[in-house]
Student: 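Please read through the structure below; I'll follow up with questions.
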Amino acid sequence: MSRAALLVLSDGRFPAGGHAHSGGAEAAVVAGRIRSADDLAAFCRGRLHTTGLTAAALAAAAAHGHDPLALDEAADARTPSPALRAVARKLGRQLMRAARATWPGEELDAFALARPRGGHQPVVLGLTARSAGLAPEDAAHCAVYETVGGPATAVVRLLSLNPFDATAVLARLAPELDHVAELATAAARGPISELPAFSAPLLDIAAEAHAARPVRLFAS
């Protein structure tokens, strides 16, 4: 297991396409639900403990060695919003391209062949971690950090929020990130049918509204 590989995978500069997505933060800003660092913290915390836990468990399960096609179906069932399903597969396709160039492996090749239009991003993330020699808990930590890191970065751009304040939000959430990653890793040891299925209906509704907006800064 390589901690350096974990840093590469979790680096925001890894070319996986996440920079173009706000994780629902843009829709929340437009709706007036995020106006300050405190609002950002509340948004990130809610996302972390719902869809973040679900995504982290899927990623950890893929890194653990569960059938990625079955996990992809499970991810589909846990993503009721068509807009978010499309986003998850687009991000998964981009991550797959980067992963196969960085840590090529047979499991990545097989999944890419089975899902030419892209698998769900958390599943691809777990397979990528596995191909990089990382553990399920590493995949879970990557997933939970993405859950809050993307919105924090986006809000800095959307509101001209002080980046020090946004970083402080992430730092204060660190213990909760660790806790959610631990829950996800433990769940990944069980059957796919028992993986977390927490959702955030307001995120789903906002994603559909955002997808229909003619002018937007972020893709989601």
Student: Under the side-chain contact (heavy atoms from CB on, under 4.5 Å) rule, collect the residues that match up with Ser199, sequence neighbours excluded.
Tutor: Pro201
Student: Donor-acceptor pair, Ser131 side chain versus Trp103 backbone, under 3.5 Å?
Tutor: yes
Student: To the nearest 0.5 Å, how far apart are CD in Gln121 and OG1 in Thr79?
Tutor: 11.0 Å
Student: Enter the distance from Arg189:CZ to His66:NE2 here, rounded to the nearest 0.5 Å.
Tutor: 10.5 Å
Student: Got Val124 and Thr128 here, is their nearest side-chain heavy-atom distance under 4.5 Å?
Tutor: yes
Student: Any side-chain heavy atom of Leu6 within less than 4.5 Å of one from Cys142?
Tutor: yes
Student: Does the side chain of Arg45 come within less than 4.5 Å of Glu176's, by heavy atoms?
Tutor: yes
Student: Which heavy-atom pair separates Ala139 from Ala63 by the least distance, and what is that distance?
Tutor: CB-CB, 3.9 Å
Student: If I compare all heavy atoms of Ala75 with all of His120, which pair ends up nearest, and what's the gap?
Tutor: CB-CG, 3.4 Å
Student: Would you say Leu202 ends up clustered with Leu84 if hydrophobic residues are merged whenever their side chains have heavy atoms under 4.5 Å apart, either directly or through other cluster members?
Tutor: no
Student: To the nearest 0.5 Å, tell me how far Thr102 OG1 sits from Leu9 CG.
Tutor: 9.0 Å
Student: Mind checking what makes ring-ring contact (aromatic ring centres under 6.0 Å, His included) contact with His49, not counting sequence neighbours?
Tutor: none
Student: Is there a side-chain contact between Arg115 and Leu69 in this structure, where contact means two heavy atoms from C-beta onward sitting under 4.5 Å apart?
Tutor: yes
Student: Do Arg213 and Val30 pass the side chain to side chain contact (heavy atoms under 4.5 Å, CB included) test, and can you show the C-alpha distance, the side-chain angles, and the key distance before you say yes or no?
Tutor: CA-CA 11 Å; Arg213 285 177 56 84; Val30 170; 3.6 Å; yes
Student: Tell me the closest heavy-atom pair linking Arg33 and Ala206, and the distance in Å.
Tutor: NH2-CB, 4.0 Å
Student: Indicate the atoms forming the closest heavy-atom contact of Pro122 with Leu58, along with that distance.
Tutor: CB-CB, 4.0 Å
Student: Answer yes or no: is there a side-chain heavy-atom contact under 4.5 Å between Asp178 and His141?
Tutor: yes
Student: Find out if a path of hydrophobic residues (ILVMFWY) with successive side-chain heavy-atom gaps under 4.5 Å connects Phe14 to Val87.
Tutor: no
Student: Where do Met96 and Val123 land on the side chain to side chain contact (heavy atoms under 4.5 Å, CB included) test, with the steps shown first?
Tutor: CA-CA 10 Å; Met96 179 64 78; Val123 181; over 6 Å; no
Student: Between the side chain of Arg78 and the main-chain N/O of Thr54, is any donor-acceptor distance below 3.5 Å?
Tutor: no
Student: Looking only at heavy atoms, what is the nearest atom pair of Gly52 and Thr147, with distance?
Tutor: CA-OG1, 3.5 Å
Student: Checking Asp138 side chain against Ala135 main chain: does a donor-acceptor pair fall under 3.5 Å?
Tutor: yes
Student: Connecting only ILVMFWY residues whose side-chain heavy atoms lie within less than 4.5 Å of each other, what is the rest of Val156's hydrophobic cluster?
Tutor: none
Student: How would you list, by chain and number, every residue that makes a ring-ring contact (aromatic ring centres under 6.0 Å, His included) with His21, sequence neighbours excluded?
Tutor: none
Student: Nearest heavy-atom pair of Pro151 and Glu146: which atoms, and what distance?
Tutor: CD-O, 4.0 Å
Student: Can you list the other members of the hydrophobic cluster that holds Leu170, where links are side-chain heavy atoms under 4.5 angstrom apart?
Tutor: Val29, Ile34, Leu40, Phe43, Leu48, Leu53, Val144, Tyr145, Val148, Val155, Leu158, Leu159, Leu161, Val169, Leu173, Leu177, Val180, Leu183, Phe198, Leu203, Leu217, Phe218
Student: So how far is it from Ile205 CD1 to His210 NE2, rounded to the nearest 0.5 Å?
Tutor: 15.5 Å
Student: Do the side chain of Glu137 and the main chain of Ala181 share a donor and acceptor less than 3.5 angstrom apart?
Tutor: no
Student: Linking Ile, Leu, Val, Met, Phe, Trp and Tyr through side-chain heavy atoms less than 4.5 Å apart, which residues share a cluster with Leu7?
Tutor: none
Student: For Glu26, is there an ion pair with Arg216 - N to carboxylate O distance below 4.0 angstrom?
Tutor: no
